[in-house]
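Written below as structure tokens is the structure these notes are about.
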Protein chains: 4
Amino acid sequence: METEQRGRPARVKRLPRAVRERQILDAATAVFSQRGYHAASMDEVAEVAAISKPMVYAYLGSKEELFAACIKREATRLTESVGTVVDPNLAPEEQLWRGVLAFFTFVGEHRDSWNVLHRQVTSEGHPFAQQIAEGRKRVIALIGALLSQAAQAQGMPDYFVPETKPIAAALVGAGESLADWWLDHPDETAKAMALRLMNLVWLGFGTLVQGRTWHPPAGPADATPTPA
Amino acid sequence: METEQRGRPARVKRLPRAVRERQILDAATAVFSQRGYHAASMDEVAEVAAISKPMVYAYLGSKEELFAACIKREATRLTESVGTVVDPNLAPEEQLWRGVLAFFTFVGEHRDSWNVLHRQVTSEGHPFAQQIAEGRKRVIALIGALLSQAAQAQGMPDYFVPETKPIAAALVGAGESLADWWLDHPDETAKAMALRLMNLVWLGFGTLVQGRTWHPPAGPADATPTPA
Amino acid sequence: METEQRGRPARVKRLPRAVRERQILDAATAVFSQRGYHAASMDEVAEVAAISKPMVYAYLGSKEELFAACIKREATRLTESVGTVVDPNLAPEEQLWRGVLAFFTFVGEHRDSWNVLHRQVTSEGHPFAQQIAEGRKRVIALIGALLSQAAQAQGMPDYFVPETKPIAAALVGAGESLADWWLDHPDETAKAMALRLMNLVWLGFGTLVQGRTWHPPAGPADATPTPA
Amino acid sequence: METEQRGRPARVKRLPRAVRERQILDAATAVFSQRGYHAASMDEVAEVAAISKPMVYAYLGSKEELFAACIKREATRLTESVGTVVDPNLAPEEQLWRGVLAFFTFVGEHRDSWNVLHRQVTSEGHPFAQQIAEGRKRVIALIGALLSQAAQAQGMPDYFVPETKPIAAALVGAGESLADWWLDHPDETAKAMALRLMNLVWLGFGTLVQGRTWHPPAGPADATPTPA
DNA sequence: CATGAATGAGACTTCATTCAT
DNA sequence: CATGAATGAAGTCTCATTCAT
């Protein structure tokens with residue numbers, strides 16, 4: 001017949017909505033980070049979240065929406081990590097230093113978050129290629145503005161200003177690549193990584209070779225920021 | 001060539017096979033580049049290659065093998081493009097410059113190849129994450145060696161030598177990022193892009209701001225290499 | 001029957017229960033009418049009833065039971081609407097007229113009820129196909145009896161009596177179809193619709209009762225067409 | 001791993017596309033007829049067609065497209081069955097008779113086809129409600145034109161002409177209902193059924209055309225009942 | 001008692017892969 | 001050899017139903 005007799009007792013804890021939502025987002029971030037968007041399956045997300053699939057859909061919606069939620073949360077986290085330590089009233093150089101340090105600190109502490117934001121496909125077919133790309137562009141624009149400000153403060157000729165944009169792009173790429181490199185050299189500290197990036201970008205290889213190095217601007221008693 | 005003998009108990013030529021394989025690889029590279037590994041379908045590959053699916057399997061094997069073949073071919077192409085212009089007897093700085101220029105030239109001319117090699121998934125779950133990552137590491141190692149050589153030529157203290165590795169990683173990341181940035185600014189030439197990278201990495205932002213710039217070492221009559 | 005004791009040993013007020021049940025049945029009728037049995041979701045029923053899903057189950061049972069309850073209630077309503085105005089002591093013709101008028105009046109005033117009873121699936125697989133079909137048959141039988149009575153009153157030969165059954169079926173179908181047609185011509189009144197049906201059927205029936213019959217126009221040697 | 005090793009030998013006959021397509025349509029018509037659109041499952045269609053589900057999708061597309069194809073084919077069949085025997089040069093009465101007979105003949109021979117066309121849901125939520133309804137309306141319009149022609153041929157006053165439309169609707173409904181009634185009385189022939197319909201409607205119609213109308217029996221002071 | 005939270009089951013659809021012609 | 005025809009195995013998403021609070 002067609003008696004439609006389904007459903008069976010459940011033996012799971014009843015958690016409040018907010019908690020479950022975080023659980024699912026954590027699981028999803030981990031799975032997306034490890035498999036990539038396309039290869040990730042909702043089944044695995046549900047399994048990792050120790051919950052049934054329908055709940056995943058009930059709480060976070062479709063796969064796309066779930067991924068979007070992950071991206072949004074992780075992007076917010078990163079943005080806040082950096083934003084907290086960057087004071088627009090500081091000198092550009094110090095702002096950059098603090099931001100870079102905060103970035104590496106974040107990556108060190110949230111490997112999966114960084115994976116989801118960065119290592120995901122950027123191929124055109126990807127549902128969020130545009131979204132991710134735009135987030136990245138905003139970051140580049142911010143850094144570009146910082147560099148431009150620094151350049152003008154040092155009396156650079158105007159024609160140089162547009163150059164700050166590709167430089168910002170390069171800096172971001174260098175940072176990402178260093179973050180990857182870090183994965184293979186886990187003994188390094190976030191601070192050491194940040195110093196490397198600053199040294200290279202600010203001084204350049206040619207200058208470094210001459211024995212000069214860059215040092216963080218001496219805050220009060222070396223108060224280099226340490227974002228949570 | 002096209003004179004292929006369709007039909008009968010004839011002995012078949014070997015050349016057609018090579019041609020077919022190239023056809024398929026071209027199609028696969030295009031599809032993988034546009035869709036990404038997981039979203040790409042063998043159906044689309046076969047369609048773009050204007051061939052039936054069983055032939056794709058007959059010639060290049062499974063999806064994984066096909067993708068591997070794409071990667072291999074494109075990596076080889078890029079490697080050769082760069083390798084052709086880099087003469088180990090030249091000064092490291094010039095080697096680097098030529099290599100960087102060759103890289104951007106290649107990217108400009110083979111968008112799809114670059115996409116497959118770079119923009120594809122780097123997530124851990126990806127069947128080729130390791131393979132791609134290793135290729136990248138090799139490049140970084142090469143550049144690292146170059147930098148190390150340059151550093152030693154300039155009498156750098158030994159303790160600096162290990163630093164050349166992360167610097168190489170940063171350089172590669174900066175290059176990749178600039179290549180992405182280039183997509184949004186297609187009016188730029190490969191040479192301009194290469195110059196940007198060299199300027200930044202070699203001189204550093206701080207130095208650039210002071211008005212100094214880096215110039216390609218004057219080869220014989222400005223023979224800046226132009227990889228095919 | 002319906003007096004089933006669901007739930008716990010507690011004594012609960014009876015009135016709220018009745019009210020709730022009506023609420024739910026109203027909602028269910030609306031939803032089933034709009035979506036059809038299969039496409040209707042218990043979620044929507046609960047939402048429209050402004051009540052939680054478990055309550056729907058507590059009060060009316062499973063989806064099938066709920067639908068059955070809807071059908072039963074609406075069928076009763078229609079039956080009562082018609083039954084109230086049809087007095088068995090009246091002449092058959094008047095009974096029919098009153099019944100037909102009551103029918104159209106009901107349909108005009110309870111679109112959803114009519115939808116649930118008529119426009120719902122009659123496919124064999126449907127859980128209630130049989131139930132609905134039987135209700136319909138009862139109506140046809142009633143009308144058939146009425147026609148038979150009328151025919152005999154007019155002195156029709158006995159052999160005609162069995163014909164009243166298919167005529168009743170046709171009358172019912174004509175009524176349903178006119179009800180549908182009415183949806184597209186809402187300016188018509190129930191009375192006008194009822195008049196139409198009576199005019200067509202009663203005059204046809206009346207003629208038949210007088211012993212006149214229609215014969216196919218004599219084609220060449222009774223060549224009534226026989227489509228393959 | 002993620003070796004994606006699937007697919008196994010098949011042991012099924014290779015049929016030409018057209019044959020399989022018909023097979024599938026036959027199966028789908030049967031399943032849709034028995035279950036209704038919503039309750040029908042693609043699994044069952046595939047099973048009845050003795051084919052795998054992917055083939056169903058390859059040949060006929062999605063469930064909606066499949067259903068549309070069924071409707072289209074069956075509608076065409078019915079239309080052609082009727083169209084073949086109806087010659088516009090014949091007298092309206094004969095056209096009607098031939099059409100009605102062809103209709104019942106078709107229904108008798110293609111139970112499933114008729115089911116799919118008629119017994120399917122007409123609820124608003126149904127994907128093809130509109131389509132089916134429009135087909136029905138076209139039929140009604142055709143018959144209406146026929147009746148109108150017949151009426152004018154017999155010198156009916158103009159004001160009667162609009163009435164032919166609801167009469168056509170009623171005729172169609174009566175026909176459908178008789179077809180259903182036939183299911184329970186399978187001993188009847190198509191011709192007998194057709195005769196019944198003609199007898200009822202044509203005599204009714206014929207009487208109306210002669211200018212005679214039916215009026216409600218004058219109850220006490222026009223006490224036409226008004227059911228609550 | 002009423003509800004938010006939870007789930008097994010199945011529906012539609014696609015894809016990598018292979019055999020028979 | 002080349003291809004049309006075929007399929008097992010997921011994958012995404014929904015729904016009827018029920019328990020614990």
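Reminder, nothing fancy here: chain letters follow the sequence lines and each chain counts from 1.
- Checking the phosphate oxygens (OP1, OP2) of E:dC1, no side-chain nitrogen or oxygen of C:Arg17 falls inside 4.0 Å.
- A 6.0 Å sphere centred on CZ of C:Arg22 holds no more than 12 heavy atoms belonging to other residues, nucleotides or ligands.
- Take the nearest nucleotide of DNA chain F for D:Pro16 and for A:Lys63: the residue whose nucleotide is more 5' is D:Pro16.
- For the pair A:Asp26 and A:Arg73, the minimum side-chain heavy-atom distance is below 4.5 Å.
- Relative to the ring axis of D:Tyr37, D:Lys63 places its NZ or CZ within 45° and under 6.0 Å from the centre.
- In this structure, the nucleotide among F:dT12, F:dT14, F:dT7 sitting nearest to the side chain of D:Met55 is F:dT7.
- Both C:Ile51 and A:Pro54 lie near DNA chain E, and the one whose nearest nucleotide falls closer to the 5' end is C:Ile51.
- Proximity note for D:Ser62 (side chain, C-beta onward) versus E:dT17, E:dT13, F:dT17: the nearest is E:dT13.
- Taking a pair to require two hydrogen-bonding distances under 3.5 Å in either a Watson-Crick or a G-U wobble arrangement, F:dC1 remains unpaired.
- Minimum atom distance to the side chain of C:Met42 is reached by F:dA16, of the listed F:dA16, F:dT3, F:dT7.
- With a 4.5 Å cut-off on side-chain heavy atoms, A:Leu66 and A:Met42 count as touching.
- One interatomic measurement links the two molecules: NE2 of D:His38 to C1' of E:dG10, which rounds to 16 Å at whole-angstrom precision.
- Atom pair A:Leu15:CG and F:dC19:P shows a separation of 19 Å (rounding to whole Å applied).
- In this structure, C:Lys53 atom NZ and F:dC15 atom C1' are separated by 7 Å, rounded to whole Å.
- Closest-nucleotide positions on DNA chain E for A:Ala58 and C:Ala50 were compared, and the one nearer the 5' end corresponds to C:Ala50.
- Across the protein-nucleic acid pair, D:Tyr59 atom OH and E:dC12 atom C1' stand 20 Å apart, rounded to whole Å.
- D:Arg20 places its CZ atom 13 Å from the C1' atom of E:dA20, with the value rounded to the nearest Å.
- Look at CZ on B:Arg35: it is 14 Å from P on E:dT14, rounded to the nearest Å.
- Going from atom CG of D:Leu66 over to atom C1' of E:dC12 covers 12 Å, rounded to whole Å.
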Any chance you could lay out the side-chain hydrogen bond (donor to acceptor under 3.5 Å, both in side chains) test for C:Glu44 and C:Ser41, step after step, and finish with the verdict?
-> CA-CA 5 Å; C:Glu44 189 174 357; C:Ser41 86; 4.7 Å; no

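- Among the atoms of the strands shown, only primed sugar atoms or phosphate atoms (P, OP1, OP2) are found under 4.0 Å from some heavy atom of D:Ala40.
- D:Phe67 has its CZ atom 14 Å from the P atom of E:dT13, to the nearest Å.
- The B:Tyr57 side chain lies nearest to E:dT18 when the options are F:dT18, E:dT18, E:dT7.
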